[in-house]
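Just so you know, these numbers use all the heavy atoms, side chains as well, and skip hydrogens, waters and symmetry mates. One-based numbering, in listed order, for ligands and for the atoms of each.
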Amino acid sequence: MNNIKLIIGASGQIGTELTLYLRQIHGNSSVIASDIREGNIELMQSGSFELLDATDKNSIKTIIEKYHVSEVYLMAAMLSVTAEEHPKKAWDLNMNSLLHILELAKEGMVKKVFWPSSIAVFGKSTPHINTPQKTIMEPTTVYGISKLAGERWCAYYKNKYNVDIRSIRYPGIISWKTKPGGGTTDYAVEIYHKALSKGSYDCFLAKDTRLPMMYMDDAVAATVKLMSADLPKTYISYNISAINFTPNEIAKSIQLHIPNFEISYSPDFRQEIADSWPESINDSQAKKDWNWKPVFSLEKMTTIMLESLEKRNVKR
Ligand code: AKB
């Protein structure tokens with residue numbers, strides 16, 4: 001029997017590319033996509049898709065039974081900005097979906113689970129530069145609180161019931177296939193779209209706001225690598241790091257390709273969220289435990305983003 005994988009939240013930014021990559025490696029029939037809404041054509045046409053509300057435990061169970069799923073990647077979540085607008089809804093989605101999967105894993109319905117955490121678990125009192133794996137964690141956003149609580153639930157199920165649950169604290173993820181939605185780091189994707197369509201961008205964060213970021217291919221590679229690694233017995237939600245930059249620096253990297261590109265700054269409520277997060281991340285634990293290594297620099301990422309978006313007919 002094949003090792004069947006179920007992606008919950010497969011139509012989202014990371015879910016889309018993770019699903020496509022896993023289908024490439026393991027074959028289309030081994031990777032089931034599911035989401036509350038349909039995804040892009042490539043996702044929908046490359047394998048099975050199920051409409052699924054991640055808060056509905058019975059429906060998750062039905063799909064797991066139908067396809068004999070053994071691994072679940074729970075990518076459905078409400079991100080930092082949307083969660084501030086809908087705190088209760090965000091808590092319900094982010095927590096209940098995780099608890100359902102942990103329970104199903106505890107019951108032996110699935111063997112292995114991936115659940116993404118985020119740099120949002122850190123807060124103002126955390127050291128912001130080279131943020132350690134283990135440090136003060138006092139998140140001030142609903143999203144960050146849900147991710148920190150999620151990490152503790154994962155540790156609990158791992159310790160108490162030996163559930164094989166694996167996690168990464170993703171930084172801001174930059175990609176061109178599917179747009180992100182509702183995140184504070186989304187500006188770093190929007191800026192490429194606007195650079196090509198308008199030649200200018202009004203950024204909702206201030207010029208020198210430095211945040212940890214990563215190109216999608218590195219994030220997907222990290223996820224796949226973590227899932228096949230031989231890990232220490234205790235649960236760790238791993239810090240991973242690739243690049244960090246400010247709006248000013250990403251604008252400069254775009255200007256190397258589009259010299260007339262202009263950026264302006266109108267920081268709004270999202271500035272406070274960004275200010276509470278680290279500027280850079282120490283990922284020595286991930287390097288040591290599963291040999292994590294990023295590939296994409298800011299320059300390389302900018303070249304790929306602009307070329308790929310342009311090919312998709314976004315006019316300059
Ligand atoms: C967000 O901005 O909310 C996310 C994240 C850093 O987890 N991209």
Short list, please: which atoms of ligand 1 are under 4.0 Å from a heavy atom of [X]?
X	value
Leu79	3 (O)
Gly183	1 (C), 2 (O), 3 (O)
Thr184	1 (C), 2 (O), 3 (O)
Trp277	1 (C), 2 (O), 3 (O), 6 (C)

State, without any angle test, whether [X] and [Y] hold a side-chain donor-acceptor pair at a distance under 3.5 Å.
X	Y	answer
Thr82	Tyr143	no
Thr246	Asp208	no
Asn130	Ser280	no

*Out of Asn28, Asp35, Ile14, Val31, which one pairs with Thr19 under the side chain to side chain contact (heavy atoms under 4.5 Å, CB included) rule?*
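The side chain to side chain contact (heavy atoms under 4.5 Å, CB included) with Thr19 is passed solely by Val31 among Asn28, Asp35, Ile14, Val31.
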
*With Tyr73, which of Ile8, Leu6, Thr223 fulfils side chain to side chain contact (heavy atoms under 4.5 Å, CB included)?*
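Output: one option passes, namely Thr223.
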
Starting from [atom], what is the nearest protein heavy atom, named by residue and atom, and what distance separates them?
atom	result
atom 3 (O) of ligand 1	Ser80 OG, 2.6 Å
atom 5 (C) of ligand 1	Ser118 OG, 3.5 Å
atom 8 (N) of ligand 1	Thr185 OG1, 2.9 Å

*If you measure from each non-hydrogen atom of Ala120 to ligand 1, which part falls under 4.0 Å: side chain, backbone, both or neither?*
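For Ala120, no heavy atom sits under 4.0 Å from ligand 1.
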
_With a 3.5 Å distance limit and no angle check, can you tell me whether Thr184 reaches the backbone of Ala274 through a side-chain donor-acceptor pair?_
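Not confirmed, Thr184 side chain does not pair with Ala274 backbone.
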
